[in-house]
Each structure stands twice: as C-alpha cells, then as structure tokens.
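Presented below is the structure to which this report refers.
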Amino acid sequence: MSQAHSALAEQFRDLEQQREASSLGMWVFLVTEIMFFGGLFMVYTVARAMHPAGFAQASRHLDVTLGGTNTAVLICSSLTMALAVYASQVGRRRMLAGFLALTIALGCVFLVIKAIEYADKFHHHLVPGSAFSFAAPEARPAELFFSLYFAMTGLHALHMIIGVGVVAVLLVKAWRGRYTIEYHTPVEISGLYWHFVDIIWIFLFPLLYLIGLKR
Amino acid sequence: MADRVDALFFFLLGVSLFISLLILVLIIAFCIKYRRRAPNEIGAPIGGSIKLETFWMVVPLLLSMVMFGWGASLYMSMQHPPPQAMEIYVVGKQWMWKLQHPEGQMEINELHVPVGRDVKLTMTSEDVIHDFFVPAFRIKADVLPARYTTIWFRPTKAGRYHLFCSQYCGTNHAVMGGWVTVMEPAEFEAWLAGGPVEGSLAEAGERLFQQLACNNCHASSGKGRGPSLVGLHGSTVRLQGGQTVIADDDYLRESILNPRAKIVAGYGPDMPVFQGLVSEEQVLQLIAYIKSLAPPQAAPGQPGTAAESKRPAGEAKKLP
Amino acid sequence: MPEHIVPPKIYLVICGILLVLTFVTWGVALIDLGPWNIVVALSIAFCKATLVALFFMHVRYSPRRTQLVVVAGIFWLGIMILLTMSDYLTRPWLTS
Amino acid sequence: MSTGTGASVPTLGHENYLNVSYGVKSWLLTTDHKRIALLYLVSITLFFFLGGAFAVLIRLNLLTPQGDLVSAETYNKFFTMHGVVMIFFFLIPSIPAVLGNFLIPLMIGAKDLAFPRLNLSSWYIFNLGGLFTLYSIIRGGVDTGWTFYTPYSSLYSNTHVVATVVGIFITGFSTILTGLNFIVTIHTMRAPGMTWFRLPLFVWTHYATSLIMILGTPVVAITLALVAVERVFHLGIFNPALGGDPVLFQHLFWFYSHPAVYIMVLPAMGVTTELITTFARKKLFGYHLVAAASFGIAVIGFFVWAHHMFVAGVSPYAAMIFSILSYLVAIPSAVKVFNWMATLYKGSVSWATPMLYGLGFIGLFVMGGLTGLFLAALGLDVHVHDTYFVVAHFHYIMVGGAVMGYLGGLHYWWPKISGRLYPEALARFSAIVLFVGFNLTFFPQFILGYLGMPRRYHAYPPEFQVLNVLSTAGASILGIGYLLPMFYLIWSMRYGPVAGPNPWPATGLEWQTPSPPPPHNFDVTPVVSWEPYDFANRPDLKYPAPAPELGHFQPAAQD
Ligand code: HEA
Ligand code: HEA
Ligand code: CUA
Ligand SMILES: [Cu+2]
C-alpha cells in the first residue's frame, strides 16, 4: 500500500474507494429523504384532491412575495454551494471559505424570512390547533392545508438548519486547510445535501403558494 | 354467495395441496435418495436449466391468473348489490351496532331478515373504523366514519348466525357483535308487524325534514332558495364550476352535513351546515326520505328507488 | 473515475435559468388554466429540479450507478403516488 | 459478553475479534462489524423473548372462550406489544443486523462495512427506539394493534401511542442506516475477483432487502410521525371528522409494511440458499434466476400493498390492480422454492441441523406463501380478512419461515461466530421440537379463521375452544423449542468442540479465514478466483478425516 493519506479510514483500500463510498452513501441517503418527504407529498396530494376549493382558499393566505423571494434566495445559495465545491476541486482555500460563508448567509436569510412568515401565520390565527380561525365555509380544509404547510415547510426548515450547521463545520475546516485537491469529499457530499434541500423547496413553492393565485 | 366463496376456497385448497404435497414428496425423496454416503462426496455438477425454470415460472403464473380472475369476478359481484335488494342502514359505534329497517324498526346488535331476499346494508360509523362480518354469509366490509360503505347478501337458510366486528376498534372490539336471525318470510312479516314502530324510516326523515326546516328552502317546485330534491337520488347533479356528480348516498350525506363542499350550479352557498346538529342515524333517515321522493315514474335500474316504491310507506311523496 | 470539474460559467447560466423559471411559474399561476395550472406548475418545478440535479449535483457527469440511484428514487415516489391515486381517483365519490 | 478462553477446554489460539480486547468499553465503542453483530444479537434476543412472553400470555388467555386471564384492555395491549416488538424490534433487524452485519464484509472479502461508525450508531439508535417502546410498555402499554389504524390511534385510544410510535420512528433510522451501509459496502468494497455474479446469494438477498429498507422505512417513519403529531396537536390529517381520510393512513402504512414483510423473509431465503447448497454440496440450480428473483420480490413487493385493504373501502378497480400484482410477486417466490428443490436433486444431502432448519423453512414458507394466495384472491379475502386465517398465514411465513431461517443461519455460522460447535444431537432434537410445536400452534388457526373467528379477540364463541386449546398447547412446545437453542448455544461458546475455519466445508469466502475471524477479517486481502457454490472444482474443501457417523462434526485442523 502506498503512503496512506491522513483522511483515509482503515476499512478502505485508497482515497478513491473512500470517495466513491461516501458519495454513493450520500446519494442513497438522499433517496431515503425523497421517500421521507414523499410521504408528506402523498398526504398533500390526497388532501388536495379531496378539497380543491379549500386548499386554493387557504393558499391565498400565504405571502407569494416572501415565498418567491425565498425561492430565489435558495437558488442563489445553491449557486454559491456549487461554486464552493468548484473552489475545493481546484484547491482554492480562500475562495472555498468565502463561498461557504456566502452559502451560510443565504441559508440564514431563508430561515429568517421563513420565521417572519411563521410569525405572520401565528398572528393571523392560521396555526392549526385550538387558536385556528378561518372564514367559515372552508375552515376544515384550510386547517388541513395549514397542518400540511407547517409540516412540510417545518421539516424543510429543519433540513435547512442542519444544512447550515454542516456547512458551518465545513467552513471552519476549510479555513484550517483541511481540504485539498486530493481530499475534499466532505465538501462535495454536503453540497449534494444542500442542493437536495433546494429541490424540495422548488416543489413546495408551487404546491403551497401558487395554487390559489388564479382568478 | 357463500357457496361461491367456498368453491373458490376449495379450488385454491386443491391447488395448494397438490403443490405442497408435490414439493414435500420430492424434497423427502431427494433427501433420502441422495443422502450423503461418504463424507467427501460431491453433488452432480448441474448448473440449471432454462427450460425447467421457464416451466415453473409459467405454470404458477397461469394458475395464479386463474385465481385472480375467479377472485376478482366474485369480488365484483359482492360489490354490486342487486337492484331489488331491501335496504338496511347500519351505524357502528364503540361498541355496538345499530341497525334500521326501512319500515322503521330499530335493532341493536341484532338483525332480522327474511330467507331468500337480497339484503343491502348501507353502513357508517360514528367514531373509529369497525367492520361488519357475518362468517356464515362470507361477507365483510369495513365501516368507516364519515362515509358509506355497502355490502349485500342473500340468506338461504333460516337460523341464527354470528355477527362480528372484525376491525379492531378498541377495548370491547371482541364483544361488539351479535346475531343475524334469518326467518321464513311469513315469520319475518309477523316480526315486522310486531315491534313498536313510529313509522318508516322515510317518515321519520320527513318529520325531521320539517323539524329542521329543510322544507323552507327545498320545495318540490324548485322555486325555493334551494333546489328541489324530488328525483335527486341517483341522478346526475351539475355543480358550480361545471363538474358533475352522481347523487349517491355519500353525496347526500355530504350535502347535508357540509353543503359547501359541493355547490349546485345556479344556487348560492346558502345552506347552513348541519354537521354536529344531526346524528348519523338522523342523516340516514333524511337520506331515506330524500330517496323516497322519487318522481312518479322511477328511473329504471336505479338501485334503491325501485325497491323503495314497493313499500307502502315509500310511495312517492309530494312535498308540503 | 476521475472527478469532473464543471466550469463556474455553467453554474451561473443554470442559476439564471432557474431564476427565470421561478418567475415564469409565478406568472403562469396568475392565469386560469383550469386543471392545467397544476400540471404546468409541477412540470416547471420538475425541470428546475432536473437542472439542479444534472448540473449542481453533477448527475450529468456521474457514473451510471449514481444516475440509477436518482432514477430509482423518483420511480419509487412515482409508484407510491400513482398506485395510491389509482384508488382515490376511481372511487365514485371523488370523481367529479 | 466477552468470551473468556477457559483452561479446561481447548482454546482458540489465534488473535480474533473476540479476544483482541476485553472490557465493556471495548464492546460498547467497537466499530468492528462482527462485534456490532453480537451486540445486535443480544438486543434482539432480549426483544424476542419479550415478544414471546406476550405471545405466551395471549395464548394462555385464549384457553377459555371468555378469556379469563386478563381484561379486554390488557389483552389488546398484549397483542399490540407482541406485534410491535416482534416485527420492529425482532424480525426486521434479526437476520440483517446480526448475520448480515457479521457476514457481508466476510463474504465479499472486505475489512469492514463501508461506514463502521454509522454501523455502531445504528445499534445505539435501535436501542434508543427500543427504550422508548419499553418505556411505553412499562407505563401501561399501547392498544392500537401493530398497525396503528387511524382514527383509533390518533384520536380515540388513550394509551401510550406517542411513545411507542416515537420508538418505532427512531428504530426506523437504524434500519435505514443498516440498509444504506450494506448497499454502499456491496457496491464499493468487494475484494479483487469478487464480481457480482460470484457473490453468494446471501449477499444478493441482503442487497434486495436493503433496497426495501431505504425506500420503504422513511415512509412509515413520516406516517407514524404524522400520527403522533395529529394526536398531540389534534390535527385532522387522518381524521375524517376534520376533513382527513383514515384510509390514507392505511395506504401509507402498508406502502412500507407490505414490503417490510419481504425485509423479513428475503434474508431468510438467502440463508436457506446457503444451507441448501452447502449441505447438498452442489451448485445452486439457476444461480442467476434466483439472484434476479430476490430483486423481483423486492421491486414488485412495492406494488401490492393495498391487498391488506380489500375490504377497507378502497375502489374496486384499485383492488383488482393490487390483487393481480400480488399474484405476480408470488412467481419469483415460486422460482426460489423450485430451484432449491432442484438443487437437492442428485446432490449429496447431509441432514445436519442447519439443513433441517433449511428444509423446515421451505416447507413452512410454502404453506404460508400458498395461503397468501388465498388472501390475495379478492372474493375470498373478503371472508378471511382479519380472521385467524390471516394470523396463521403470517405466522407460517414469519415464524415458520423467517425465524426458522434465522435459527438455521445462526447454527450454520455459529462455528464462525464463536469458533466452536454446538451439540449436534440436541440441536437436531430441538429443531424437530420446534417444527412440531409450530405446526400444532398455527395449523389450527387456519381452520379457526375459515370458520370465522376474528383476530384481536380476547373472548370468542365457545365453539372455537377446541382448536384454541390445541393452539395453546402447541405454543408451549414451541416455547421450549426456542429456549433449548438459547441454552446450548451459550453453553457451546465455552465448552463446544473447536470448529476450525471451515467445518462444513463450504465454498464462501467467510470460511477461508480462521474461526472466529481476526479483527480485520483476513490476514491478507483475498483474491477470488472461483465461482460460487462450485464444489466440484474445489478440491481444497475436504473433511479432515473420514468421520464415524456423520463425518463432519470432527473439528478441522486448527490453523
Ligand atoms: C414475512 C412475512 C410475509 C410474507 C413473505 C408474506 C407473503 C405474502 N403475503 Fe402476507 N402477510 C404478512 C406477512 C407476510 N406475507 C403479514 C404480517 C400479514 C398481516 C398483517 C396484519 O394485518 O397484521 C399478511 C397479510 C397478507 C394479506 C392481507 C390479508 C388480510 O388482512 O386480509 C395478503 C393478501 O393478499 C397477503 C398475501 C401475501 C402473498 C400473496 C404473499 C406472497 O409473497 C407469497 C409468495 C409465496 C408463495 C406463493 C409460495 C411459494 C410458491 C410456490 C410453492 C409455487 C406455487 C405458486 C403458485 C401457484 C402461484 N398477506
Ligand atoms: C416476528 C413476528 C412474530 C413472531 C415470532 C410471533 C410469534 C408468536 N405469535 Fe404472533 N403475532 C405477530 C408476529 C409474530 N408472532 C404479529 C405481527 C401479530 C399481530 C398483532 C396485531 O394484531 O396487532 C401477532 C399476533 C398473534 C396472535 C393473534 C392475537 C390476536 O389477534 O388476538 C397470536 C395468537 O395466538 C400469536 C401467537 C404467537 C405465538 C404463539 C408465537 C410463538 O412463535 C412465540 C414463541 C416464543 C416463545 C413462547 C418465547 C419463549 C419464551 C419463554 C417460554 C419465556 C416465557 C416467559 C414468560 C411467560 C414470563 N401472535
Ligand atoms: Cu368495532 Cu371492532
Ligand atoms: Cu402484504
């Protein structure tokens, strides 16, 4: 065996095998995430098929501007993440740290906007539970809609929070020069995760925000 | 129905016995015939045979398609009650069955039916999911809250048969049962006449219709705030937005309890919500009444309507 | 397999397309297309997701195995939704 | 659970995974897949006996028609916790987490799984989930049935649903991580020369199982999470009174739980394949088709879930789709059964204990599977749904099939795991006890079911008593059959004769390394140059000496 890299775990033959395993592992994990969110999408689909009008009504109470802004923010964060991966591939430490920091910043912007939206829903008694209130005819479907809204965006936000945490760790390590041209797998696979969370939002946005817009 | 189910059962039993005996005998035979005689003996180098393998993929496939087809056709006839069936309404709740005859008799955990008549059960639950199961008739269907499910059977022999709840529904699930008593037709008539009855189901529904002031809006002329309900059951209703629905029991139920879910074309969302104001039994009575409002010549082939008009109490009514 | 380096320019272009598509999906939502609204919205979302996967996540440059994993994930989600809806959409009380 | 090497019995000289280090910490912090497998073995054995205790109580209560032993409420908790513990905490992890964990790296010639720390955390996650469930049991239990049907579970039950559901949710992640680890390992860690079609079938079935684990488990996790959320916040996702749909829960639940039954049976099929080939000393009949059949079962297994819902108020058209698909999934199972049978033909069949379990698996699985066909027949399922017919069906496959496979595998690889052989005569005797006890317990339930006895009944009409008594009698024999192996296997860890690297002799890579294996599995990375199960071309596989009676229980020469 040639000179073992300090990052090589002992069960692997070489860094290449390790990289392959990590990347496949992350992809497989993302598939489980698809199915995890998939359960919620399934519930959404059925509930909406049963209450089309109520869902449209309830959806009008979401702020499309905020939702749209957040979509843009997330897409941009995906860009910075992709560029961070690029930086790690070509071994530019400062650039890598910079883009990771930008990604964290955009992630936080997203979370702040989300928090503003939640506060607004809370304020307008749109949080399901005993305080929920909604104009009479569609009250039940609307409560269902908001249950799903909070479940789906909440789970998504949780993933965002985890993502921000992961990227923060990357940032520290990148700053210390842990990642080099030979070894930057963690940056790559965290990138995969970040983009995946973006993709989830890409579906959440039209499903939750846009269904009641048409007149 | 019971003998048709049994026939399928015995067919499957036959096939299964044949297959499992075949496997059993062959395995035992191989194990004995080819048992190891010397410690280092090695089996013949046979790697497989496409022909044989195809054979034992195709044969089970064909056999199983027969099972599927047979099972499916049986299921379909279980799903479609014959048009002339007498209709009984069932409400399940933790942990009892309430059954209502069209003539108005109410029974609890007991059902009396005559030999030889088709009986259709329209069922709903007040709380959790239950399941109406009469093993002797080989019928079973889940009873869901907020929805109607139906099953039907035709008893062929007088006697008393177990009625079970067969969907787990909480503490007393095991005792949520009773008896189905099948009587000779004459006896059944006597039984019907015997009980204390305050009029048929439809009549009870009619009283409710007035008590709840439904008639204020729903006049048979169709000139009220709401549409006329005459001949509604089984017809196709055009909704606001251009969609259509068949006015079956589930639609009527929804129209009463949660009228704004589907608004009839040409009317406003003016009907009050009756959810919580009427019990499941009362809804069934209202539905029975609306069903009895058949136009003078009932549309042929509509389940329910034809049977309804046979009953003395179920003559087509004019609205007040 | 050697690692593929995607030039940053591609990332920028993709990001631009994604932002435009976001705008389009919002615009289309304002027009009443009846049942087609949801179809259009989801198609656009699907395109966006595909772009993210192909370029940002390098699926386009990944080994077949990775691509298979992605397709399998989508396929299974499809199975779940499709077969479940085969029940709901053929129930008499929901067809309208 | 460290095995000391006593002085009075022959010792296992070489350094192996058991004796490299001692002390509790060296076990609790180990990342060695072999040690983690043993940790799992301990956990799931405890859970098995817990579930078994509930089974005993169920059967005792059903001795009399009135169910005199316990109240209705308690009985409902018994079968719920029996089902929950047996399914989620015993059978799903059993073969994969114990035997799979131990063997997959050995079989493919790797040093460990791809993610050893993840593997250890799976075990901790599993136990954490188990603790939640134990907590709910201690605090009074749950009474929803293992299926958690809404709205009963989400609204009406006033037992500890949330704790249980959280326990299952957590444990789900341990299953997911195990599956993920297996898939990545099998893809990326194979030794040189170990091509896909040289993999033992055991590995193939575990690959297929892992697919189900990663694709199905997340769905049940989110579904049960929704039930908990609905319960806590009084939402209406599955509650019709609030606009939700209870049948949707059933779709989501069975979307996982039907494929999950293949998580339980596929690994057992893999074990059986190994047993049949080794003890018939013959190539597997149709290797490629049997491998493909595993995937057929795993994939088609995902398309059939609503066959649990034929009378639940689904649309009849959907019911037809799911029925026909259920029949399709039976075909790959048929292939496996017939190919095993054909493997025996012109073999050199030994009747060693693992083989008895293997044959028992085939017989009982066939009976369970064929009765599955009864259930998949729409018109017939209407009658037998939720009766003891179903109970008998799944115990035949799960207890008669999967548990038999698990025990067979445990015996077969015991020499590898512990380095020692178990007492053969006693082992055969208990295999037979199990087989007899099993059939006596569950065969009467088929009849009960067809006669119409519903399941989950704590009391029943008196005409069903005779069959129920038979069943209870069988269960007590069965219980003894389970206790025996536990004792003699533990006994053999210290006192059994030393086994040697390849006591049966078998072809797999795992037999090419000493028993118990050294910490890194192989002293040199093996290079594979032979086809699987190719006994004819393996002159190296010989019993050391012609043995008196059955020949192969003499310990092979120590390396
Ligand atoms: C390991 C577990 C396991 C396995 C492998 C199976 C395998 C099968 N199961 Fe089973 N099943 C359960 C565990 C399992 N099941 C459980 C736990 C329940 C109840 C859950 C609950 O409600 O609590 C259940 C319930 C259940 C139902 C619902 C019953 C009801 O509630 O009404 C149905 C219905 O279709 C069904 C069908 C099948 C079929 C068709 C197979 C097939 O995969 C079987 C295939 C095998 C064979 C067919 C035998 C071998 C083949 C041959 C010998 C060749 C001959 C073949 C032909 C002629 C086709 N099962
Ligand atoms: C892996 C799965 C698995 C296993 C191994 C078993 C094993 C057994 N099961 Fe299980 N069973 C299920 C899964 C399983 N079961 C499921 C999923 C249900 C459905 C639950 C529901 O409806 O929600 C069910 C339901 C179920 C019922 C139906 C209850 C009802 O519907 O009312 C019955 C009844 O006989 C039963 C019996 C048995 C018996 C006798 C065993 C035997 O094989 C067990 C033998 C083991 C032992 C006997 C243990 C030995 C230990 C000792 C002897 C020590 C004893 C200690 C004390 C008594 C303190 N089971
Ligand atoms: Cu009602 Cu069980
Ligand atoms: Cu199933």
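What you see is a predicted model; the values in this text were computed from it and never measured. Just so we're on the same page: letters track the sequence lines, and every chain starts at 1.
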Among the listed options [options], the residue most often paired with chain B at heavy-atom distances under 4.5 Å:
options: D:Pro240, D:Ser326, D:Ala459, D:Gly363; value: D:Pro240
options: D:Lys282, D:Glu73, D:His383; value: D:His383
options: D:Phe535, D:Tyr450, D:Tyr149, D:Tyr460; value: D:Tyr450
options: D:Leu289, D:Val335, D:Thr371, D:Leu373; value: D:Leu289
options: D:Leu155, D:Val384, D:Asp381, D:Leu380; value: D:Leu380
options: D:Met320, D:Met355, D:Lys77, D:Met309; value: D:Met320

In terms of heavy-atom proximity below 4.5 Å to chain B, should [X] be classed as side chain, backbone, both, or neither?
X: D:Asp534; value: neither
X: D:Phe79; value: side chain
X: D:Ser157; value: neither
X: D:Val290; value: neither
X: D:Ala280; value: backbone

- Passing candidate, salt bridge (Lys or Arg N to Asp or Glu O under 4.0 Å) with B:Lys98, options B:Glu126, B:Glu110, B:Glu280: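 Looking at B:Glu126, B:Glu110, B:Glu280, the match for B:Lys98 under the salt bridge (Lys or Arg N to Asp or Glu O under 4.0 Å) is B:Glu126.
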- Message: Could you check whether D:Thr159 and D:Asp143, counting side-chain N and O atoms only, form a donor-acceptor pair closer than 3.5 Å?
- Response: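 There is such a pair (donor and acceptor under 3.5 Å, judged by atom type) between the side chains of D:Asp143 and D:Thr159.
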- Message: Quiz question: by atom type and distance under 3.5 Å, do the side chains of D:Gln66 and D:His458 form a donor-acceptor pair?
- Response: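 No, D:His458 and D:Gln66 have no side-chain donor paired with an acceptor closer than 3.5 Å.
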Interface residue of largest heavy-atom contact number with chain D, from [options], under 4.5 Å:
options: B:Ala146, B:Cys31, B:Cys169; result: B:Cys31
options: B:Met78, B:Met57, B:Arg35, B:Glu53; result: B:Glu53
options: B:Lys33, B:Arg138, B:Gln79; result: B:Arg138
options: B:Val134, B:Ile129, B:Asp131; result: B:Ile129
options: B:Gly47, B:Ala29, B:Ser20; result: B:Gly47

- Query: Can we say B:Glu87 and B:Lys120 salt-bridge, meaning some charged N sits less than 4.0 Å from an Asp/Glu carboxylate O?
  - Reply: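 So B:Glu87 pairs with B:Lys120 through a salt bridge.
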- Task: Taking only Lys NZ, Arg NE, NH1 and NH2, and the carboxylate oxygens of Asp or Glu, determine whether B:Arg154 and B:Asp118 approach each other closer than 4.0 Å.
- Result: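 Yes.
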- Under 3.5 Å, is there a donor-acceptor pair between the side chain of B:Asp127 and the main chain of B:Gln94?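 Yes, B:Asp127 side chain to B:Gln94 backbone: donor-acceptor pair under 3.5 Å.
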- Message: Is the ring pair D:Phe249/D:Phe238 parallel, tilted or perpendicular, if the boundaries are 30 and 60 degrees?
- Response: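 Judged by the thresholds at 30° and 60°, the geometry between D:Phe249 and D:Phe238 is perpendicular.
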Taking the six-membered ring for Trp, is the centroid-to-centroid distance between [X] and [Y] below 6.0 Å?
X: B:Trp70; Y: D:Tyr327; value: no
X: D:Phe310; Y: D:His385; value: no
X: B:Phe132; Y: B:Trp97; value: yes

